[in-house]
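Let me begin by presenting the structure, written as structure tokens, before commenting on it.
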Amino acid sequence: MGNEGMTRVECFFDCTSPWTYMGVHSFLRLSERLEFEIIWRPIIVGGVFNAVNRQAVEQRERPDVPRKNDYGRKDMQDWARYLGLTVNAPPKCGHPVNGIKVMRACLVMQDRGKLPAFAIAAFEALWIDGRDLALDDVLGDLCRGVGEEPDDVLAAITRPEIKQRLRDNTDDLIARNGFGSPTWFVNGTDMYFGNDRIPLLEAAILRDGASGMEAAIAP
């Protein structure tokens with residue numbers, strides 16, 4: 001059940017994306033300034049790329065404009081510096097990283113009320129320390145960091161319902177014309193993509209909040 005009358009924001013994300021690390025960091029900062037309902041939607045961004053955005057993979061492997069690709073690396077570091085974050089990309093463990101286990105673990109943590117803390121720890125493990133999120137010992141450290149027993153979580157991520165929820169979230173983003181991570185939806189239909197859209201997302205939340213207040217005081 002949602003909070004009646006409150007702006008509802010869904011956040012589709014994958015911890016193996018450096019831009020998503022920055023986007024989720026900024027989104028959490030936004031949630032400290034504004035009141036709105038957050039619905040976390042862990043996904044596998046590789047599944048989205050394979051379905052509707054193969055160009056993203058091809059550009060990463062064979063950029064058709066090398067100077068734009070070089071600028072992209074600078075742009076990422078400029079954004080990281082602006083946000084006060086460290087982003088070591090590519091990570092020393094190599095990239096892309098298989099995110100299936102860690103994103104299933106995000107769903108388990110969502111059910112236990114610990115998703116934001118776990119996701120941020122996962123982002124930092126990969127993008128600061130260069131640790132491979134596909135490894136059980138890395139996941140175990142992340143679990144212990146939020147007070148969860150690693151063996152319990154590693155067993156939980158094998159449950160069919162957890163696997164299906166991750167597929168469903170990924171398919172839902174594709175069905176709603178999404179094409180990457182991070183993606184936000186305000187009240188179900190108003191889509192925003194990318195770390196740099198946070199100011200536009202904030203404006204949309206403020207607009208909706210203002211509309212709700214006007215409705216509440218209308219005679």
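Along the sequence shown, residues are numbered consecutively beginning with 1.
Taking a 6.0 Å sphere around NZ of Lys92, one finds it holds 12 or fewer heavy atoms contributed by other residues, nucleotides or ligands.
Under the 6.0 Å cut-off for aromatic ring centres, Tyr21 and Phe13 do not qualify, their centroids lying 6.0 Å or more apart. Residues Phe27 and Trp184 place their aromatic rings such that the two centres sit under 6.0 Å apart. Checked against the 6.0 Å centroid threshold, Trp127 and His95 count as a close aromatic pair.
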Identify all side-chain donor-acceptor contacts of residues 154-161 below 3.5 Å with residues at least two apart in sequence or on another chain.
{"from": "Thr158", "atom 1": "OG1", "to": "Ala155", "atom 2": "O", "distance (Å)": "2.6"}
{"from": "Arg159", "atom 1": "NE", "to": "Glu161", "atom 2": "OE2", "distance (Å)": "2.8"}

Expected list for residues 81-91: side-chain donor-acceptor pairs under 3.5 angstrom, two or more places apart:
{"from": "Arg81", "atom 1": "NH1", "to": "Asp78", "atom 2": "OD1", "distance (Å)": "3.0"}
{"from": "Asn88", "atom 1": "ND2", "to": "Ile128", "atom 2": "O", "distance (Å)": "2.9"}

Could you list the donor-acceptor pairs under 3.5 angstrom formed between side-chain atoms of residues 115-124 and any protein atom two or more places apart in sequence or on another chain?
none

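Using a 4.0 Å cut-off between charged side-chain N and carboxylate O, Arg197 and Glu202 make no salt bridge. Taking the charged nitrogens against the carboxylate oxygens, Lys101 and Asp136 do have a contact shorter than 4.0 Å, which makes a salt bridge. With salt bridges taken as basic N to acidic carboxylate O contacts below 4.0 Å, none links Asp70 and Lys74. A salt bridge links Asp111 with Arg165: at least one charged nitrogen is closer than 4.0 Å to a carboxylate oxygen.
Note: Ile44 CD1 to Thr16 OG1 = 7.0 Å, rounded to the nearest 0.5 Å. With values rounded to the nearest 0.5 angstrom, Asp14 atom CG is found 5.0 Å from Met103 atom CE.
Residue Met22 is tested with Asp196, Ile198, Asn195 for a side chain to side chain contact (heavy atoms under 4.5 Å, CB included); the sole match is Asn195. Put simply, the residue from Phe193, Phe185, Tyr192, Phe36 that forms a side chain to side chain contact (heavy atoms under 4.5 Å, CB included) with Leu201 is Tyr192.
Proximity of Val186 to Arg8: side-chain heavy atoms (C-beta onward) are nowhere separated by under 4.5 Å. The shortest distance between side-chain heavy atoms of Leu133 and Cys15 falls below 4.5 Å. Counting only heavy atoms from C-beta outward, the side chains of Met191 and Arg176 never approach each other to under 4.5 Å.
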**Request:** Please report the C-alpha distance between Val146 and Met109 in whole Å, then the side-chain angles of each, then the deciding distance to 0.1 Å, and finally whether the side-chain contact (heavy atoms from CB on, under 4.5 Å) criterion is met.
**Result:** CA-CA 9 Å; Val146 295; Met109 295 302 174; 3.9 Å; yes
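When only modelled atom types and interatomic distance are considered, Ser17 and Ser181 share no side-chain donor-acceptor pair under 3.5 Å.
Side-chain atoms of Asp129 do not come within 3.5 Å of backbone N or O of Arg131 as any donor-acceptor pair.
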